[in-house]
Amino acid sequence: MPEMPEVETIARKLRKTIVGKRVSEVQLSGLPLRRPIPGSFAAVLPGRTIRRIHRRGKYLIAELEPRAYWLIHLGMSGRILYFPGAGERTAHTHAAIRFTDATELHYRDHRRFGLLAVYEAAGLGEIPELQALGRDPLGAGFNGQWLWRELRRSRQQVKSFLLDQGRIAGLGNIYVLEALFHAHLRPTRRCHRISRGEAVDLARAIAKVLRQAIRNRGTSFSDFMDSDGVLGDYQNHLSVFQREGKRCRRCRSEIRRLIQGNRSSFFCPGCQK
DNA sequence: GCATTACCCTGAAAGC
DNA sequence: TGCTTTCAGGGTAATG
């Protein structure tokens, strides 16, 4: 399940592999993703050159020349695969982008929760999906003071708050739960009851967990691999996620699981208050 | 404003 | 062994 570190890992690979290439042809499966792939997608890309690769939250954006933006969200099972020649089309290859040098980039997604779109906008700021995003947790505006001010205004449980992409862009289930563990906070804590000091610790924990995950090229369970098919390593560093019944590495308590909003949460009852 | 539920989807695991 | 059921989850929308 790609979250920000996995998307950042892919973005770094793509900057090395496809920037400067010109699209010659686009083939689509015809099946809808989260939304149908717009008809303009296959019309806009051919003839354009990839100028830059951006990441905003969990979105990948390829900036094209003449100016257009190709937006990608991987959903839960989306994969971007780069091939030095013609790549294998599977039942789940929903878009195959061929470049003029005969290399290819494929979008595969067996659950089809992802998103592909194209905008002929003047700037990134005009793309509606990106306008809806909150602050980037590794960006300059993200710190403990800002987080505390935001938390104080909410009565939500802190896990739901952190998953809200409109507040903080890029966190998903894994890294929210890992960050809460490192900040000694239970996922059920009410935001407005979190102290300034705890908010500062939480902001630091979020940034630390994300940076470590990026260094390890993300977390691979069943779905994630980067555009060259390389698996991430961060699953070997997890403290609570999917460790129900196992011992906490810090206090030896048994990791517990609970359901919040139909999603699993994992926490250490000894370390997290 | 917030929680809950449902929906989209399919592969893996569990259950029978 | 083979079939059926359950579960997983990101984002979004509807409902209470």
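Within every chain, numbering begins at 1; the chains are lettered A, B, ... in the order of the sequence lines, protein sequences first and strands thereafter. Being a predicted model, the structure only gives us computed values, none of them experimental.
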Visitor: For the rings on A:Y119 and A:Y69, is their centre-to-centre separation under 6.0 Å?
Guide: no
Visitor: Atom NZ of A:K58 to atom P of C:dG11: distance rounded to whole Å?
Guide: 3 Å
Visitor: Let me know the distance between CG of A:L258 and P of C:dG9, rounded to the nearest Å.
Guide: 12 Å
Visitor: Could you tell me how far apart A:F266 (CZ) and C:dG9 (P) are, to the nearest whole angstrom?
Guide: 6 Å
Visitor: Does B:dA3 have its OP1 or OP2 closer than 4.0 Å to a side-chain nitrogen or oxygen of A:Q156?
Guide: yes
Visitor: Rounded to whole angstrom units, what separation is found between the CD atom of A:Q260 and the C1' atom of C:dG10?
Guide: 16 Å
Visitor: Using a distance-only test with no angle check, is there a side-chain donor-acceptor pair under 3.5 angstrom linking A:Q272 and A:R189?
Guide: no
Visitor: Looking at B:dA3, C:dG10, B:dC2, which one has an atom nearest to any side-chain atom of A:H73?
Guide: C:dG10
Visitor: It should be established whether A:S264 places a side-chain nitrogen or oxygen under 4.0 Å from OP1 or OP2 of nucleotide C:dG9.
Guide: yes
Visitor: Both A:R34 and A:H92 contact DNA chain B. Taking the nearest nucleotide for each, which residue is further toward the 5' end?
Guide: A:R34
Visitor: Hey, does A:R108 reach any base, or is it just sugar-phosphate, or nothing, if we go heavy atoms under 4.0 Å?
Guide: nothing
Visitor: Is the phosphate of C:dG10 approached by A:R263 (side-chain N or O, under 4.0 Å from OP1 or OP2)?
Guide: yes
Visitor: Looking for any heavy atom pair under 4.0 Å, which part of the strands does A:Q165 touch: base, sugar-phosphate only, or nothing?
Guide: sugar-phosphate
Visitor: B:dC2 phosphate, OP1 or OP2: any side-chain N/O from A:S154 under 4.0 angstrom?
Guide: yes
Visitor: Rounded to whole Å, how long is the line connecting atom CZ of A:R112 with atom P of B:dC9?
Guide: 6 Å
Visitor: Measure the distance from CD1 on A:I259 to C1' on B:dA3 and round it to the nearest whole Å.
Guide: 15 Å
Visitor: Going by atom types alone, do A:S264 and A:R257 pair a side-chain donor with an acceptor below 3.5 Å?
Guide: yes
Visitor: Check the side chains of A:Q157 and A:R186 for a donor-acceptor pair under 3.5 angstrom, ignoring hydrogens and angles.
Guide: no
Visitor: Looking only at side-chain atoms of A:F113, point me to the closest of B:dC9, C:dG11, B:dA3.
Guide: B:dC9
Visitor: Looking only at side-chain N and O atoms, does A:H110 come under 4.0 Å of OP1 or OP2 in B:dC9?
Guide: no
Visitor: Counting just side-chain N and O atoms, does A:R190 come under 4.0 Å of either OP1 or OP2 of B:dA3?
Guide: yes
Visitor: Specify the separation, in whole Å, of atom CG of A:L163 and atom P of C:dG11.
Guide: 8 Å
Visitor: Just to confirm, is there a sub-4.0 Å distance from OP1 or OP2 of B:dG11 to any side-chain nitrogen or oxygen of A:R111?
Guide: no
Visitor: Atom OG of A:S24 and atom CZ of A:R98: how far apart are they, to the nearest 0.5 Å?
Guide: 6.0 Å
Visitor: Rounded to the nearest angstrom, tell me the gap between atom CG in A:N173 and atom P in C:dG11.
Guide: 11 Å
